[in-house]
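Contents: one structure, followed by commentary.
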Amino acid sequence: MKAVLTLYFLSYLHWDKDLSTAVYHAFSSLCYFTPILGALIADSWLGKFRTIVYLSVVYVIGHVVKSVGAIPSVGSSDVHIALSMVGLILIAFGTGGIKPCVAAFGGDQFDKENVSERQKFFSIFYMSINAG
């Protein structure tokens with residue numbers, strides 16, 4: 001979705017390049033900031049599993065709202081913009097709940113004696129994330 005987000009802003013919402021770039025980077029920044037909140041929620045309130053489940057639902061709802069905002073017959077330009085921004089905010093908060101907990105689940109699979117296996121796991125895990 002992020003790969004075509006700026007094109008969506010430029011072609012569909014008819015924003016200029018500066019605004020499109022600014023909103024794209026604001027969304028990306030929010031996606032990198034919200035894992036702090038997700039980690040706090042998981043560690044102090046819900047636990048890792050429930051945080052992943054609940055905020056995955058928020059993530060999916062964000063994508064649905066964002067997709068509905070791209071349907072031409074839904075409403076005016078203001079409705080498209082509002083739905084797009086609400087969708088992006090929901091996606092960012094959903095991402096924040098998933099990112100820290102999934103990595104922690106991976107680390108939890110290894111005992112203290114399995115340091116080399118844990119290092120290998122995280123190398124492959126982050127390589128897969130970056131390749132994706």
Side-chain angles (χ1 to χ4, degrees):
M1 187 272 303
K2 277 179 67 174
V4 296
L5 189 57
T6 303
L7 294 174
Y8 171 76
F9 292 151
L10 291 169
S11 301
Y12 189 75
L13 296 180
H14 304 293
W15 289 355
D16 64 6
K17 287 183 180 182
D18 292 336
L19 180 60
S20 299
T21 302
V23 173
Y24 173 84
H25 287 299
F27 170 67
S28 294
S29 298
L30 192 58
C31 287
Y32 283 107
F33 173 73
T34 55
I36 296 169
L37 298 174
L40 289 171
I41 290 169
D43 289 344
S44 63
W45 186 30
L46 293 176
K48 287 182 284 200
F49 180 74
R50 279 190 247 155
T51 301
I52 289 172
V53 171
Y54 295 158
L55 291 177
S56 290
V57 171
V58 171
Y59 182 80
V60 169
I61 291 170
H63 275 288
V64 169
V65 169
K66 178 79 182 82
S67 298
V68 169
I71 298 172
S73 61
V74 167
S76 68
S77 176
D78 292 336
V79 172
H80 294 287
I81 293 170
L83 288 174
S84 295
M85 294 305 105
V86 169
L88 290 176
I89 290 168
L90 290 172
I91 291 167
F93 279 102
T95 298
I98 297 167
K99 277 184 183 182
C101 297
V102 170
F105 266 134
D108 289 346
Q109 304 304 309
F110 302 97
D111 295 331
K112 292 181 181 181
E113 302 86 38
N114 301 330
V115 174
S116 65
E117 287 86 1
R118 186 178 335 146
Q119 288 174 339
K120 189 184 302 182
F121 166 77
F122 279 110
S123 293
I124 293 169
F125 178 73
Y126 286 110
M127 181 191 71
S128 301
I129 288 173
N130 290 321

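These numbers were taken from a predicted model, which means no experiment stands behind them.
Centroid-to-centroid, the aromatic rings of Phe121 and Phe110 come within less than 6.0 Å.
Atom CG of residue Leu46 and atom CG of residue Leu40 lie 12.0 Å apart, to the nearest 0.5 angstrom. In this structure, the separation between OG1 on Thr95 and CG on Leu88 is 10.0 Å, given to the nearest 0.5 Å. Rounding to the nearest 0.5 angstrom, the gap separating the CG atom in Leu13 from the CG atom in Leu7 is 12.0 Å. Taking NE2 from His63 and CD1 from Ile91, the interatomic distance works out to 4.0 Å, rounded to the nearest 0.5 Å. Lys66 contributes atom NZ, which lies 6.5 Å from atom CE of Met85 (distance to the nearest 0.5 angstrom).
Applying the 6.0 Å contact sphere to CZ of Phe125 captures more than 12 heavy atoms from other residues, nucleotides or ligands. Within a 6.0 Å sphere centred on NZ of Lys120, heavy atoms belonging to other residues, nucleotides or ligands number 12 at most. Atom CZ of Phe49 has 12 or fewer heavy atoms from other residues, nucleotides or ligands within 6.0 Å. Counted within 6.0 Å of CZ on Phe9, heavy atoms from surrounding residues, nucleotides or ligands total more than 12; the atom is thus considered enclosed. Applying the 6.0 Å contact sphere to CZ of Phe122 captures more than 12 heavy atoms from other residues, nucleotides or ligands.
A single hydrophobic cluster is not seen to contain both Ile61 and Tyr54; linkage of ILVMFWY side chains at heavy-atom distances under 4.5 Å, directly or through other members, places them apart. Using a 4.5 Å cut-off between side-chain heavy atoms of Ile, Leu, Val, Met, Phe, Trp and Tyr, with links allowed through other members, Val65 and Val57 fall into the same hydrophobic cluster. Phe27 and Val58 fall into different hydrophobic clusters, defined by Ile, Leu, Val, Met, Phe, Trp and Tyr side-chain heavy atoms under 4.5 Å apart, directly or through other members. One hydrophobic cluster, built from ILVMFWY side chains closer than 4.5 Å, cannot hold both Val64 and Tyr59; they sit in different ones. When the side chains of ILVMFWY residues are joined at heavy-atom separations under 4.5 Å, either directly or via intervening members, Val23 and Ile81 end up in a single hydrophobic cluster.
Ring geometry, Tyr8 versus Tyr12: the interplanar angle falls under 30°, so the pair is classed parallel (tilted spans 30 to 60°).
Panel note: side chain Thr34, backbone Ala92; a donor-acceptor pair is recorded below 3.5 Å. Distance alone, capped at 3.5 Å, is enough to place a donor-acceptor pair between the Asp16 side chain and the Leu19 backbone. Between the side chain of Arg118 and the main chain of Asp111, a donor-acceptor pair closer than 3.5 Å is present.
When every heavy atom of Pro35 is checked against every heavy atom of Cys31, the shortest pair comes out as CD-O, 3.1 Å. Taking all atoms of both residues into account, the shortest heavy-atom contact from Leu10 to Ser20 is CD2-OG, 3.5 Å. For Ala39 against Pro100, the heavy-atom pair with the smallest separation is N-CG, 3.7 Å.
Annotation: side chain of Ile129 is not in contact with side chain of Lys99 (no heavy-atom distance under 4.5 Å). Side chains of Phe105 and Ile52 form a contact here, defined as non-hydrogen atoms less than 4.5 Å apart. Looking only at side-chain heavy atoms (C-beta outward), Asn114 and Gln109 stay at 4.5 Å or farther from each other. Side-chain contact between Trp45 and Arg50 is absent, with no heavy-atom pair separated by less than 4.5 Å.
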